[in-house]
Number of protein chains: 2
Amino acid sequence: MAASRRPLAPDEPNRRAEIVRAASRLFAEKGYAGTTIRDIARAVDMQSGSPFYHFKTKHDMLLAVVLEGMATITRAVGAAAARAGTPREVFEAMLLAHLDQLLAEDGRHFAATLLHESHHLEAAARAVLIEQKDAYEALWQKALRELKRSGEIDDDSRVTRLLLMGALNWTVQWYRPNGGRTVKQIARQISGMLLKSR
Amino acid sequence: MAASRRPLAPDEPNRRAEIVRAASRLFAEKGYAGTTIRDIARAVDMQSGSPFYHFKTKHDMLLAVVLEGMATITRAVGAAAARAGTPREVFEAMLLAHLDQLLAEDGRHFAATLLHESHHLEAAARAVLIEQKDAYEALWQKALRELKRSGEIDDDSRVTRLLLMGALNWTVQWYRPNGGRTVKQIARQISGMLLKSR
DNA sequence: CATGCTACCAAGCAAGCGCTTGCTTGACAA
DNA sequence: TTGTCAAGCAAGCGCTTGCTTGGTAGCATG
């Protein structure tokens, strides 16, 4: 009946991070409203009331998940944006970093929760998230500006960025790790579609 | 306390369709799991048990919503695909029809539910939906094939179609009716990004 | 050895959930 | 006038939900 209790290392830090990771997976798979505290507790082998030692409410768990997802992807894409290279090289590195966060094993549940469950946050928490999101989108807007300056795209407007984000973020719906295409190939295909020079 | 009971026309057909419409709005706004039968009943001014006269389960209500959404968009885009014209003209008409179903007042809740809540269906119901979806995607694949034959795109692979669908479907996340851009302008911008000739 | 703190467990509460039941109502038919 | 039927209402059942509460094992510090 009871799940096997894995041996905790004696100096393991507290299990808040473990709860967040389990919550991200469950929120991504069953949705925020479809996931119960008991689901999360079971996933980390706790009693159903124990997660509330680490989080005041279920909403706070969701907020922790989406903020970690946002921070991680911003860090990864920001690093790609900051590297040296032509606008095209920078752009392709950013594509790869973004897709990697969405699709790779570790962290894809954070991204999926961020994309699909954020609207369950209350107004105050959502405001915090939007601030982060604006900073992230500025990275992309700048990259598009550089591409236009170097003549590789015609239009660097907001709508262009949003359409690009759609193509990227929608991969979550259809990408399968063993589906023939690697993340790198998808990134190349996108830049091939959008950029004029080759 | 009680909502004002609007006077029913004496020959009004049964209210099943009204329930489906209300359910589509609520599922789109709060998610399937986040919407209660009581929410739906209240929206159509019924008692909480009464919708079960028309539907056996809550899942059946979801199925009715997504099937209606799928049928409506297939009809609209199919009509655009069947019209006479160059591959480019056909493609642009399809873009417009698809976006119109996603973004226009009537029916956008059906589309949003279809896109975001279908995974709550059980296996049997999902199989029915997938069959419809395959037929719909074949419309697009054919349109891409024609565009390639006429030399307006380089690549008509499955991945191209999925990336395009992503750019289209993601508009649900950011489009606002009074946001400066019309649906027609967005459709034009997409075809401008993807197609080579002008 | 006493004290205090961290990180839980065991139990359960109030509210809300999907769904069922027995009954009513108004329209129409015989 | 009586019978039938569609379309509900009123009530509530059994269960699940997010969250709370009182207690405590294990470790660190004095």
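Just so it is clear: chains get the letters A, B, ... in the order the sequence lines come, proteins before strands, and each one is counted from 1.
Separating the CG atom in D154(A) from the CG atom in L147(A) is a distance of 11.5 Å, to the nearest 0.5 Å.
Taking 4.0 angstrom as the limit, H54(A) places a side-chain polar atom (N or O) nearer than this to OP1 or OP2 of dC8(C). An OP1 or OP2 oxygen of dA7(C) is reached within less than 4.0 angstrom by no side-chain nitrogen or oxygen of R15(A). Residue Y53(B) places at least one side-chain N or O closer than 4.0 Å to OP1 or OP2 of dA7(D).
With sequence neighbours left out, the side chain to side chain contact (heavy atoms under 4.5 Å, CB included) criterion links Y53(B) to no other residue.
For Q47(A), the listed nucleotide lying nearest its side chain is dA10(C); candidates were dA10(C), dC9(D), dT6(C).
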Check the pair R161(A), D156(A) against salt bridge (charged side-chain N to carboxylate O under 4.0 Å, His left out), reporting the backbone distance first and the verdict last.
CA-CA 7 Å; R161(A) 190 197 78 224; D156(A) 67 344; over 6 Å; no
Assess whether salt bridge (charged side-chain N to carboxylate O under 4.0 Å, His left out) is satisfied between R25(B) and E29(B), documenting all intermediate values.
CA-CA 6 Å; R25(B) 203 195 76 232; E29(B) 285 172 1; 3.7 Å; yes
Going through the checks in order, is the ring-ring contact (aromatic ring centres under 6.0 Å, His included) test met by H59(B) and Y32(B)?
CA-CA 9 Å; H59(B) 268 105; Y32(B) 172 75; 5.4 Å; yes
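For the pair R16(A) CZ and dT6(C) P, the interatomic distance rounds to 15 Å; values are reported in whole Å. Across the protein-nucleic acid pair, M46(B) atom CE and dA10(D) atom P stand 13 Å apart, rounded to whole Å.
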Might you list the N or O atoms of the protein lying below 3.5 Å from N or O atoms in nucleotides 13-19 of chain D, with each pair's distance?
{"residue": "dG18(D)", "atom": "OP1", "partner": "T35(A)", "partner atom": "O", "Å": "3.3"}
{"residue": "dG18(D)", "atom": "OP1", "partner": "K58(A)", "partner atom": "NZ", "Å": "2.9"}
{"residue": "dG18(D)", "atom": "OP2", "partner": "I37(A)", "partner atom": "N", "Å": "2.9"}
{"residue": "dG18(D)", "atom": "N7", "partner": "R38(A)", "partner atom": "NH1", "Å": "3.0"}
{"residue": "dG18(D)", "atom": "O6", "partner": "R38(A)", "partner atom": "NH2", "Å": "3.0"}
{"residue": "dC19(D)", "atom": "OP2", "partner": "K58(A)", "partner atom": "N", "Å": "2.7"}

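There is a side-chain donor-acceptor pair under 3.5 Å between Q189(B) and S157(A).
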